[in-house]
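What follows is a set of notes on a single structure, which appears directly below.
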Amino acid sequence: MKLDLDKITPSNFIEDIIWNDLKSGKVKSVMMRFPPEPNGRLHIGHAKAACFNFSTAAKFGGKCNLRFDDTNPVKEDADFCDQIERDIRWLGFDPAGIYYASEYFGYMRDCAVKLIKAGLAYVDDSTPEVIRQMRGTLTTPGTDSPARGRSVKENLALFEKMQGGSIPDGGMVLRAAIDMASPNMNMRDPVIYRVLHAPHHRTGDKWCIYPMYDFAHPLEDAVEGITHSCCSLEFEDHRPLYDWVVNNCVDGQKPRQIEFARLNITDTVMSKRYLKQLVDMGAVDGWDDPRMPTLSGLRRRGVPAHAIVAFCNEVGLAKAVGTVDAAQLYDCIRDELNATAKRYMVVPDPIELDIINLPDDFSREIEVTEGGEYTVPHPTPIDPEKKCTPTVTRKIKLTPRLYVNRDDFMADPPKGYHRLVPNGLARLKNSFIVRCVGYDTDESGKVIKIRCEKTDEVKAKGVIQWVDRDSAADIKIRYLSPIVPDGDGELTERIDRDSLTVGTAKAEAGVNDLPIGEGVQFFRIGYFARDGKQTDAFNRVVELKSSYKA
RNA sequence: AGGGGUAUCGCCAAGCGGUAAGGCACGAGACUUUGACUUUCGCAUUCGCAAGUUCGAAUCUUGCUACCCCUGCCA
């Protein structure tokens with residue numbers, strides 16, 4: 001079907017470029033790609049790039065591939081590829097194709113030979129140290145390597161030798177002959193192939209030379225017919241080299257590299273290197289530790305994929321480097337959870353509450369809605385985009401013996417507190433209103449039991465969650481504190497291991513039978529905090545995990 | 001010091017010569033059997049600074065200034 005460009009409104013500078021390329025006929029259709037290196041798990045920063053590539057391609061009627069940029073075998077492995085694909089699909093994207101850079105090694109080698117024949121590449125047997133020294137500095141030009149003068153025939157033979165296996169790692173490299181005096185360091189005869197005797201997770205020991213990113217990436221894009229190759233800002237300096245490779249190796253449709261600013265979020269480590277360090281040093285449970293900003297960690301933490309995609313769209317894309325307030329992410333999560341989460345009553349820090357004016361054998365079944373619907377009728381219809389769970393009801397049991405949360409009662413409340421206080425009223429959520437007529441404390445003065453009586457009141461400021469003591473289920477809960485980098489980016493004392501588990505809590509009977517991990521949420525929102533402000537709902541997300549490994 | 005970038009509300013971010021969108025955060029009110037949600041209202045006479053062009057500039061020009069990236073046989 002025909003794409004009606006006039007009905008598409010570009011919403012960022014790259015979409016502008018794409019729109020214009022389509023309009024002018026420079027490209028006939030859009031082809032994009034999300035190219036992670038399989039050397040770790042994806043984090044929310046990658047999600048921004050993935051969302052952008054997949055969504056934008058779709059917006060312009062194009063396609064987007066998932067491509068594993070596996071050109072450095074010593075850092076990569078097949079397991080990461082599987083995990084990455086899983087994360088991408090979890091986000092809701094369906095790659096037009098799944099490719100591996102390593103599939104193109106043969107083509108890349110041929111391109112290298114082509115460059116050699118054209119006198120545009122030469123084999124250098126200088127040591128890495130010498131090459132580095134001859135590269136010059138930011139302010140002084142580099143000097144030509146003596147190897148630069150080799151004949152085509154000689155270079156061809158040497159490159160052949162590099163592939164033969166007799167050259168040790170670091171013994172020789174293939175360099176592009178560009179300009180050692182270029183003010184752009186990337187153009188000072190960059191290394192495009194190196195000798196590396198390491199087994200590759202896909203090609204095994206077939207190769208002992210591997211292409212460098214700057215050479216490999218443009219070729220990967222070209223092979224897949226990528227029209228717009230978007231990457232992060234730090235590659236801006238590489239674009240001239242990208243174009244050099246494309247212009248000297250590729251015929252026909254040429255891919256174009258466009259750079260945008262990567263995502264930063266306050267108090268969030270967004271560096272694969274640090275995340276890997278955390279995993280390696282055992283500071284966290286693994287890549288999917290719920291404190292990690294990895295997609296798998298967020299998933300395990302109960303963050304809906306939809307919230308992450310919404311967040312990425314909301315944050316937008318530009319070239320200015322900035323740091324998004326984590327509150328914006330939490331807002332997206334809360335928004336999604338509000339529309340989809342099942343609401344079960346949970347008492348994280350239980351304290352007994354007896355209703356004294358009810359007979360001991362009093363028992364009542366209360367029908368409550370499972371959630372996914374707003375409690376209050378909406379003047380405006382709920383966004384149809386949000387998949388609200390249908391109204392499902394269940395029955396819960398109420399007896400005179402309950403548990404309520406410790407902070408839902410205060411013997412000496414500050415001004416503005418409107419839950420249970422001595423002689424005060426509060427509504428037991430989904431049920432009647434009670435009045436606190438007394439409370440017991442232990443020797444230390446700690447409240448151990450609240451005594452209330454059922455009333456016929458119809459209005460109370462506070463509404464508190466409760467759980468029937470006799471039928472309550474024990475659940476394990478944990479509070480999470482995010483991992484934040486300290487000033488130097490070093491991850492040391494900021495990791496609060498103890499924050500992961502709080503212990504046992506009480507919940508409605510049956511909650512342990514519910515599916516855990518990818519959707520069901522138990523949370524309390526709108527708490528009264530010490531400073532009188534509400535706490536962030538997200539901080540109160542409680543994950544149930546009966547089999548959590550401490 | 002050479003090259004490449006970026007500067008619009010506390011934080012993201014539209015804007016592309018015609019007189020500052022939106023989201024988050026924040027503040028005030030309404031509603032409420034989750035202090036949530038929903039809802040109403042408020043929140044940049046100003047676009048890093050300074051000149052200039054123009055009837056008119058955040059948008060064009062010229063100077064500054066600040067911050068980020070680049071000297072891997074990593075990506």
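Throughout, a chain's letter reflects where its sequence line sits, starting with A, and its residues are numbered from 1.
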Tabulate atom names and distances for all N/O pairs under 3.5 angstrom spanning the protein and nucleotides 68-71 of chain B.
| from | atom 1 | to | atom 2 | distance (Å) |
| --- | --- | --- | --- | --- |
| B:U71 | O2' | A:Arg135 | NE | 3.3 |

Distances under 3.5 Å between nitrogen or oxygen atoms of protein and nucleotides 47-49 of chain B:
none

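Take A:Val315 and apply the side chain to side chain contact (heavy atoms under 4.5 Å, CB included) test, not counting sequence neighbours, and it matches A:Leu263, A:Phe311, A:Val324. Considering only residues two or more places apart in sequence or on other chains, A:Tyr403 meets the ring pair (Phe, Tyr, Trp, His ring centres under 6.0 Å) condition with none of them. Every residue two or more places apart in sequence or in another chain was checked for a ring pair (Phe, Tyr, Trp, His ring centres under 6.0 Å) with A:Tyr104, and none qualifies. A:Phe409 is linked by a ring pair (Phe, Tyr, Trp, His ring centres under 6.0 Å) to A:Tyr439, counting only residues two or more places apart in sequence or in another chain. In this structure, the ring pair (Phe, Tyr, Trp, His ring centres under 6.0 Å) partners of A:Tyr210, at least two apart in sequence or on a different chain, are A:Phe105. Every side chain to side chain contact (heavy atoms under 4.5 Å, CB included) that A:Leu138 has, sequence neighbours left out, goes to A:Met185. Under the side chain to side chain contact (heavy atoms under 4.5 Å, CB included) criterion, A:Gln83 pairs with A:Arg41, A:Asp79, A:Arg86, sequence neighbours left out.
Applying the ring pair (Phe, Tyr, Trp, His ring centres under 6.0 Å) test to every pair with at least one member in residues 172-196 of chain A, sequence neighbours left out, gives these pairs: A:Phe159-A:Tyr193, A:Tyr193-A:Phe215. Pairs of residues two or more places apart, or lying in two chains, that qualify as side chain to side chain donor-acceptor pair (under 3.5 Å) and include a residue from residues 314-323 of chain A are A:Glu236-A:Lys319, A:Glu314-A:Gln328.
Interface residues of residues 212-224 of chain A facing RNA chain B, ordered by number: A:Met212, A:Tyr213; criterion, heavy-atom separation under 4.0 Å.
With distances taken from any side-chain atom of A:Thr139 to the nucleotides B:G2, B:A14, B:U33, the minimum falls on B:G2.
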